[in-house]
Amino acid sequence: MSQEASPRGTFLKIAEAVKTQIDADPAMTELPTLAELMAAHNVSRGVALRALKVLKEEGRAEPVRGSRWRVVREGEQRDRRPLAEQIADVFRTDKLRVGDEFPSTSALADRFGVSRPTVAKALDRLGVDGLLSESRQGKQRTVLALPGREERS
């Protein structure tokens, strides 16, 4: 195996290759994983991370906690608030009242385009805040209180 060092700017070449992929596929919503970038370009994790950082700085991609990096299209507006805050809006948009069933983790994952474990963490946060009942297997969470209100039932 060759001991030659990689040419300078390899991460820039990888970033360009990924941008070409994004431009060629309008349906692309997630970037390749770090492992896929490392294997495809025969580079280290650090080089692949630098390429992703370039895409982030250029506004072409953004990291998603607990998931793959997401493609950002030109003119695209994203809600950058924490997921728990975004899910708290469901109380209002779905016109939920105290005692109503809250949408399932799977339904919320589809709705917000994130993984179920990521949604589960956000729902746990709302549970700690006293807004939702505890999660129990086979049992739907229910609304205990509405955001911004002191009253509970």
Side-chain angles (χ1 to χ4, degrees), residues 1-96 101-141 143 147-148:
M1 188 151 127
S2 173
Q3 293 293 340
E4 291 179 37
S6 296
R8 292 194 184 275
T10 301
F11 68 99
L12 294 173
K13 292 176 185 173
I14 296 169
E16 283 301 318
V18 174
K19 284 190 274 188
T20 301
Q21 278 183 289
I22 292 169
D23 293 340
D25 184 2
M28 184 177 181
T29 59
E30 294 179 331
L31 297 185
T33 64
L34 277 177
E36 291 168 343
L37 288 174
M38 291 165 55
H41 300 280
N42 195 27
V43 295
S44 69
R45 179 179 172 86
V47 173
L49 282 169
R50 287 182 74 186
L52 294 177
K53 185 178 177 188
V54 168
L55 295 170
K56 179 182 177 184
E57 290 170 355
E58 293 179 2
R60 301 291 305 262
E62 64 185 4
V64 178
R65 195 167 186 195
S67 187
R68 292 173 125 184
W69 281 61
R70 182 181 298 147
V71 173
V72 176
R73 301 283 176 187
E74 196 170 318
E76 187 175 279
Q77 298 262 328
R78 289 213 182 263
D79 189 345
R80 300 206 189 305
R81 296 178 297 154
L83 185 60
E85 288 181 27
Q86 293 178 49
I87 291 175
D89 289 346
V90 170
F91 290 90
R92 182 182 44 78
T93 58
D94 290 8
K95 298 178 180 161
L96 297 175
E101 287 188 350
F102 203 74
S104 70
T105 303
S106 295
L108 291 168
D110 290 342
R111 185 169 175 172
F112 291 98
V114 296
S115 68
R116 287 190 343 235
T118 301
V119 170
K121 288 178 190 173
L123 291 175
D124 288 344
R125 177 75 240 160
L126 295 174
V128 167
D129 291 345
L131 300 175
L132 295 175
S133 64
E134 280 187 34
S135 172
R136 289 183 298 204
Q137 188 171 355
K139 190 92 162 131
Q140 190 81 12
R141 289 180 186 261
V143 176

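All heavy atoms count here, side chains included; hydrogens, waters and symmetry mates do not.
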Quick check: do H41 and T10 have side-chain heavy atoms less than 4.5 Å from each other? no

Derivation and outcome, side chain to side chain contact (heavy atoms under 4.5 Å, CB included), residues V119 and L83: CA-CA 7 Å; V119 170; L83 185 60; 4.2 Å; yes

Would you compute the distance between atom CE of M38 and atom CD1 of I14 and round it to the nearest 0.5 angstrom? 10.0 Å

Kindly indicate whether the side chain of L96, heavy atoms from C-beta on, has any atom under 4.5 Å from the side chain of P103. yes

Provide the closest heavy-atom pair for A88 versus P147 in the form atom of the first, atom of the second, distance. O-CG, 4.0 Å

Side-chain contact test, heavy atoms from C-beta onward, threshold under 4.5 Å: evaluate it for F11 versus K53 and give yes or no. no

Any side-chain heavy atom of P82 sitting closer than 4.5 Å to one from R125? no

If you look at every heavy atom in G113 and R70, which pair is closest and at what distance? O-NH2, 3.7 Å

Rounded to the nearest 0.5 Å, what separation is found between the OG1 atom of T93 and the CD atom of Q86? 11.5 Å

V64 vs T118 side-chain heavy atoms within contact, under 4.5 Å: no

Could you pull out the closest heavy-atom pair between L126 and A84, with the gap in Å? CD2-O, 3.9 Å

Which of D94, L123, L131 passes side-chain contact (heavy atoms from CB on, under 4.5 Å) with F102? Answer is L123

All heavy atoms of R73 vs all of A27, minimum pair found to be NH2-N, 4.2 Å

If a pair satisfies salt bridge (Lys or Arg N to Asp or Glu O under 4.0 Å) and one of its residues is in residues 17-43, list it, with sequence neighbours excluded. E16-K19, K19-E58, D23-R60, E30-R68, E36-R68

Matching residue for I22 among V72, T29, L31 - test: side-chain contact (heavy atoms from CB on, under 4.5 Å): L31

Taking salt bridge (charged side-chain N to carboxylate O under 4.0 Å, His left out) as the test, write out the residues that go with D124, two or more places apart. R141

